[in-house]
Amino acid sequence: MLRLARAAFPRHVLRQRWIRYEIDLADTPPPPPHVRLTRVTDPIIGELRQRPDRAETNLKAGLRFWDEGLRRAYIWLGADGPLCIQWLLLPEDNRQLRRLSDWSGMYPPLPRGTGQVDHLFAFSAARLASVSTEFAYALYDEARRAGVQTLITHIHESHRVARTWAEGAGWRRYGTITRHHLGWPARRTLSVYVHRDEAPRRGEATAPVADLARMRLPRNWSDGAPSTAAGS
């Protein structure tokens, strides 16, 4: 039905797709000793809202999460400013996630022992993938402390660099999320989300782990909420 609607009204039915990933925290390395994460607070959010990169997709989406009441976020503060920030979602956030306006369908209920990371943003001083990897290992440790055994995330299918980084860092592809956004002028819009599980692809090429540290990440390198043009 959605395919027929898209074929009949291509200007009014937009399609986006994300790849779903999971990782077993029992198999991840310990946090690097030099990485110290800080739990995000209102003053930190206030400072981030004043930054020139506050309009970047993933940072903007994270700030919107904060406004929606999702307050479990961690930031790595370096000597010259912030390096990375990301939100950690736990089963106790399920009720709040269902209240998200247009994006609640992206987030299925999290069972006990499962968490989700979202809206990873690497600030300009930390665009090398090695910095993001060190941040990720430290965030995994925070998740373990919160009782999480498995983490999930999703990355837009067009973000090849982010997907290569994730797969090289141990994330396993296990499904997709497809968003069909229906909208007509002067009428209400509707978003329909289709979640599919699948067997992991064994033949996809990924960058060797040794090369990940030399990769330079684009500005909006992770999941986020890309424009409709990116996935239409």
*Asks:* Work out which heavy atom in Ile19 is nearest to a heavy atom in Thr176; give both atom names and the distance.
*Replies:*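 Smallest interatomic distance, heavy atoms only, reads CD1-CG2, 4.1 Å.
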*Asks:* Considering all heavy atoms of both residues, which atom of Val117 and which atom of Trp171 are nearest to each other, and what is their separation?
*Replies:* CG2-CH2, 3.8 Å
*Asks:* Hey, are Asp93 and Arg99 close enough for a salt bridge, meaning a charged N less than 4.0 Å from a carboxylate O?
*Replies:*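 A salt bridge is absent here (no side-chain N lies under 4.0 Å from a carboxylate O).
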*Asks:* Does this structure show an ion pair linking Asp141 with Arg144, if we count only N-O contacts that are shorter than 4.0 Å?
*Replies:* yes
*Asks:* Would you indicate whether the side-chain heavy atoms of Leu110 and Leu90 approach each other to under 4.5 Å?
*Replies:* no
*Asks:* Side chain to side chain donor-acceptor pair (under 3.5 Å), that's the test. Do Arg98 and Ser104 meet it? Break it down for me.
*Replies:* CA-CA 5 Å; Arg98 287 197 299 269; Ser104 60; over 6 Å; no
*Asks:* Just wondering, do His119 and Phe65 contact through their side chains at under 4.5 Å, heavy atoms?
*Replies:*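 Yes, side chains in contact.
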*Asks:* Identify the two heavy atoms, one from Trp87 and one from Leu70, that lie closest to each other, and give their separation to 0.1 Å.
*Replies:*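 Residues Trp87 and Leu70, closest heavy atoms: NE1-O, 2.9 Å.
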*Asks:* Determine whether Val35 and Tyr137 make a side-chain contact, defined as any pair of heavy atoms from C-beta on separated by less than 4.5 Å.
*Replies:*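 A side-chain contact under 4.5 Å is absent here.
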*Asks:* At their closest point, which heavy atom of Arg54 faces which heavy atom of Leu63, and how far apart are they?
*Replies:*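 Looks like O-CD1, 4.3 Å.
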*Asks:* Please identify each residue that fulfils side-chain contact (heavy atoms from CB on, under 4.5 Å) with Ala143, with sequence neighbours left out.
*Replies:*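 With sequence neighbours excluded, Ala143 shows a side-chain contact (heavy atoms from CB on, under 4.5 Å) to Leu25, Leu88, Val148, Leu151, given in chain and number order.
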*Asks:* Is any side-chain heavy atom of Leu83 less than 4.5 Å from a side-chain heavy atom of Phe135?
*Replies:*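 A side-chain contact is absent here, since even the closest heavy-atom pair is not under 4.5 Å.
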*Asks:* Considering only residues two or more places apart or on different chains, which pairs with a residue in residues 24-48 satisfy salt bridge (charged side-chain N to carboxylate O under 4.0 Å, His left out)?
*Replies:*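 As it turns out, the salt bridge (charged side-chain N to carboxylate O under 4.0 Å, His left out) pairs with a partner in residues 24-48, which skip direct neighbours, are Asp42-Arg71.
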*Asks:* Does the plane of the ring in His156 sit parallel, tilted or perpendicular to the ring in His159? Use 30° and 60° as the thresholds.
*Replies:*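 Judged by the thresholds at 30° and 60°, the geometry between His156 and His159 is tilted.
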*Asks:* Between the side chains of Gln116 and His154, does any donor sit under 3.5 Å from an acceptor?
*Replies:*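 Yes - a donor-acceptor pair under 3.5 Å links their side chains.
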*Asks:* Is the charged tip of Arg179 near the ring of Trp103: under 6.0 Å from the six-membered ring centre and within 45° of its axis?
*Replies:* yes
*Asks:* Report yes or no: do Thr133 and Trp165 form a side-chain donor-acceptor pair below 3.5 Å?
*Replies:* yes
*Asks:* With a 4.5 Å limit on heavy-atom distance, are the side chains of Arg173 and Glu198 in contact?
*Replies:*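 Yes, side chains in contact.
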*Asks:* Whether Glu92 and Arg112 form a salt bridge (side-chain N of Lys/Arg under 4.0 Å from carboxylate O of Asp/Glu) is what I want to check.
*Replies:*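 No salt bridge links Arg112 with Glu92.
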